[in-house]
Visitor: 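Have a look at the structure that comes next, please.
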Amino acid sequence: MLLKRWRHWSMASVLGVLWLLLLPVFAGVLPFLATLLMLLAAVALGATLFAQRALALQACAGLLVMAAVLGWTLLLPIHYRWVYLLACLALVAWRRAPLSSALRAGATQWRQAVAAAPRSAAFAVLVLGLAGTACWLPTLQYDDLTYHLRLPWQLLQLGVYQPAPEHQIWALAPWATDVIHAVPQLVSGAEARGPVNAFWLLALGTAAWQLAAALGAGGLSRWLAVAMVASLPLTAGLAGGMQTELPTAAVLLWMCALAAAPRDSRLSSWLLLAVLAGGLLAIKTMGALLALPVLLWALVRHPWPSLPRIALVALVGLLVGASSYAYATWIAGNPVLPLFNGIFHSPYYAPVNFLDATYSVGFGANLPWMLTFHSSRYFESQDGAAGVVLVGLAGLWLLALLRPSTRAAALVAMAVLVLPLLPVQYLRYAYPGMALLSVVAVAALGADTPRRPLLVLLVTICVLNVSLQSTGYWMMRSGALKDTLKAAGRDEPLFQRFTPERSLAAAIRASADGRDNVLVLDTAAPYFAEFGNRGRSVAWYAPMLQAAAAVAEQDASGQRWLALMREMQAGDIILNTNSMTAPQRAALQLAGAELRGEAGDHQWWSLPPPVQTPAG
């Protein structure tokens, strides 16, 4: 209130500054500053390539171009802190004029957007900030600790990426978002997931506002569209991890905003669409599928460039999106390893088409109802994780189909929602479509201020969604955020409670003798990603090691397990005492292993070097 009275700031601006100031307190000052530097460099690049565009769009485009350049060079030993720091500083200094212009234009656009509907803007910023509190959490999610952290930690430790799909079957999967997470981690020397995801939240919110505006929504409805997307329970859950659906939704909505804009035949507009579409491909293979309806919409709506320019646009899209696929083809013989390996027959995975049948529940007309009221059948969650938009906004979506100005967007939203659910009915895959549908449904109200009953309905849906946030991810319902507030930005208390393996991992990195590989024996929680190229697991992520472990388990004496540990050059072992087997225990005894640390039910053991038999 003091800021509001002193500077006559809007309530939305006051809330925005408050959320911004709280982020470094809980997510770390250095990671925050490193992310800010990366974003300034991205805006400088985006403003140079695509002038006169929205600030957040320039940042998205700049990040995707940066990720593409780094993606093609990942296997070169050039990824060092000083290289990244100097490159970002040089880019900001070199392009300071377009950067300064873009920042001023962004500030002006913000003030104008807030002035058009100040109370609605404040409500949207409040909801967006509540979702952003998940950015304060340390990295705790399963997929992050088994996979996503591997690339950033490798670059931090080695300055180069060594994929090694024999140790992590997803090592060559699309890596754009992991590369983006790696940049501030290298610069700051610490994980920067929280600040990076805070940007993706802002990018998502601004894209929702811009798309609603392009579809003819009034000022109040534009901000309600932002609030609707931000209130989705999965928005907060995805902000707490490194999963790809949050950046996918942000980039997808910006693509839709470009497609819905007035007819535009400029080459720069098509190149921008190519960068965003290529970015979706680089983020996740499914992203290419989601981009297709939007590209079709753009092709129908906007004049095509000439044939040579179409070739240039396609080439730019491939350069942005194809690095991981090219390396996967070269190294593993399968561009989408482990997907479709029944076709490509890569030696790193069984010759079958990978498909997690856990959530192949069945696709039908009642799926929106089932996702809403029986979410736990479609996601690792409680019922309510989908929020209530699929049911609560159904009438407005039908209205969007009837209105000429929103009909194409409604059809695209339906396609984006349905396509990823056809093979597997997994709620997280539906998130980008749900976000797009939410914006289109609100935009169907048109330029007029919604009547009070409709306004009450939309606000009620947002409030219900926020109240269901704890159902979306285990972190949101387990008290992790409360523990984060108590810990005042220290990660160790949360590691001790939720992921004690991370406490042991930090101790291993700090040990002077930590040079050998680290073997994680717990197959239920194989958290080996943060060990980079030194991490080993006998879980399904490494099929050959998993098979070797199954053979070793047949030897009660532990000799085979010990031989396998020596073969993997494992100097450190992390195990769960509740799942440790008798042969594994025998192997540690045979090796003369030393207990170095304990955290909860987990232990860290060190193996002495093997005795060298003198020659002769």
Side-chain angles (χ1 to χ4, degrees), residues 34-51 53 57-95 98-99 102 148 151-152 154-156 158-163 171-188 192 196 199-200 203 244 247-248 250-251 254 268 271-284 287-288 312-331 335:
T35 303
L36 184 61
L37 176 61
M38 176 185 71
L39 292 176
L40 289 173
V43 173
L45 181 59
T48 300
L49 297 174
F50 306 108
R53 301 288 182 174
L57 178 57
Q58 291 172 333
C60 282
L63 277 181
L64 294 174
V65 171
M66 289 170 60
V69 173
L70 296 176
W72 285 106
T73 62
L74 277 179
L75 274 62
L76 300 177
I78 60 173
H79 303 273
Y80 298 100
R81 175 179 298 179
W82 60 270
V83 174
Y84 278 35
L85 180 60
L86 289 178
C88 288
L89 289 173
L91 190 55
V92 169
W94 177 47
R95 306 305 300 168
L99 172 61
H148 288 291
L151 187 151
Q154 274 205 38
L155 297 187
L156 181 61
L158 301 177
V160 66
Y161 185 50
Q162 299 175 351
L172 291 162
W175 50 41
T177 53
D178 291 344
V179 169
I180 291 171
H181 281 285
V183 175
Q185 180 166 336
L186 260 69
V187 173
S188 66
V196 171
F199 163 74
W200 287 122
T244 59
T248 293
V251 175
W254 272 116
S268 62
L271 290 175
L272 181 53
L273 269 173
V275 168
L276 296 180
L280 287 176
L281 177 64
I283 290 171
K284 193 167 187 171
L312 175 63
V313 169
L315 177 62
V316 167
L318 286 175
L319 287 175
V320 171
S323 62
S324 67
Y325 303 92
Y327 280 121
T329 302
W330 173 42
I331 295 172

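Counting begins at 1 with the first residue of the sequence. As a basis for the values below, the full set of heavy atoms in this structure was taken, side chains included, without hydrogen atoms, waters or symmetry mates.
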Visitor: To the closest 0.5 Å, what do you measure between CG (L39) and CG (L63)?
Guide: 5.5 Å

Visitor: Please confirm whether the backbone N or O of G71 pairs with a side-chain atom of Y161, one donor and one acceptor, at under 3.5 Å?
Guide: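 Flag not set: sc Y161 to bb G71 has no pair under 3.5 Å.
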
Visitor: In Å, rounded to the nearest 0.5 Å, how long is the span from CG of L281 to OG of S324?
Guide: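 If we round to the nearest 0.5 Å, L281:CG and S324:OG are 7.0 Å apart.
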
Visitor: Please report the C-alpha distance between L312 and L271 in whole Å, then the side-chain angles of each, then the deciding distance to 0.1 Å, and finally whether the side chain to side chain contact (heavy atoms under 4.5 Å, CB included) criterion is met.
Guide: CA-CA 8 Å; L312 175 63; L271 290 175; 4.3 Å; yes

Visitor: Looking at every heavy atom in both L64 and V320, which two are closest together, and how far apart are they?
Guide: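 Answer, listing the atom of L64 first, then V320: O-CG1, 4.1 Å.
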
Visitor: How close do C60 and A203 get, counting heavy atoms only, and between which atoms?
Guide: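 Heavy atoms only, the tightest pair is SG-CB, 3.7 Å.
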
Visitor: Side chains of V43 and V92, heavy atoms from C-beta outward: is any pair under 4.5 Å?
Guide: no

Visitor: Over 60° means perpendicular and under 30° means parallel, so classify the ring planes of Y327 and W330, tilted if in between.
Guide: tilted

Visitor: Taking the side chain as every heavy atom from C-beta outward, state whether D178 and L74 have any pair of such atoms under 4.5 Å apart.
Guide: no

Visitor: I'd like to know if the side chain of W94 and the backbone of A44 have a donor-acceptor N/O pair within less than 3.5 Å.
Guide: no

Visitor: Please find the pair of heavy atoms, one from P335 and one from Y325, that lie closest to each other, and give the distance.
Guide: O-CD2, 3.2 Å

Visitor: Would you give the length of the straight line joining atom CD of Q58 to atom CG of L272, rounded to the nearest 0.5 angstrom?
Guide: 9.5 Å

Visitor: Under the criterion side chain to side chain contact (heavy atoms under 4.5 Å, CB included), I'd like the reasoning laid out for L37 against L85: C-alpha separation, chi angles, the key distance, then a yes or no.
Guide: CA-CA 9 Å; L37 176 61; L85 180 60; 3.6 Å; yes

Visitor: Can you check whether T248 reaches T177 side chain to side chain, under 4.5 Å on heavy atoms?
Guide: no

Visitor: Just do the side chain to side chain contact (heavy atoms under 4.5 Å, CB included) check on M38 and V187 with the steps written out, would you?
Guide: CA-CA 9 Å; M38 176 185 71; V187 173; over 6 Å; no

Visitor: Compare every heavy atom of P174 with every heavy atom of A282, then report the nearest pair and how far apart it is.
Guide: O-CB, 3.2 Å

Visitor: Show the nearest heavy-atom pair for residues L172 and P163, with the distance to one decimal.
Guide: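 Residues L172 and P163, closest heavy atoms: CD2-CB, 3.6 Å.
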
Visitor: With a 3.5 Å distance limit and no angle check, can you tell me whether W175 reaches the backbone of S323 through a side-chain donor-acceptor pair?
Guide: no

Visitor: Pick out which of T35, L89, L99 makes a side-chain contact (heavy atoms from CB on, under 4.5 Å) with L40.
Guide: L99

Visitor: Between the main-chain N or O of L158 and the side-chain N or O of H79, is there a donor-acceptor pair closer than 3.5 Å?
Guide: no

Visitor: For Y84 and L70, run side chain to side chain contact (heavy atoms under 4.5 Å, CB included): C-alpha distance rounded to whole Å, both residues' side-chain angles, the deciding distance at 0.1 Å, then the answer.
Guide: CA-CA 10 Å; Y84 278 35; L70 296 176; 3.6 Å; yes

Visitor: Nearest heavy-atom pair of A47 and A102: which atoms, and what distance?
Guide: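 Taking every non-hydrogen atom into account, CB-CB, 4.1 Å.
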
Visitor: State the CD1-CG distance between I180 and L151, to the nearest 0.5 angstrom.
Guide: 11.5 Å

Visitor: Do the non-hydrogen side-chain atoms of L186 and W82 ever get within less than 4.5 Å of each other?
Guide: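 No; the side chains remain at least 4.5 Å from each other.
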
Visitor: Does L156 offer a backbone N or O that forms a donor-acceptor pair with the side chain of Q185 under 3.5 Å?
Guide: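 The answer is no, because no donor-acceptor pair under 3.5 Å joins these two groups.
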
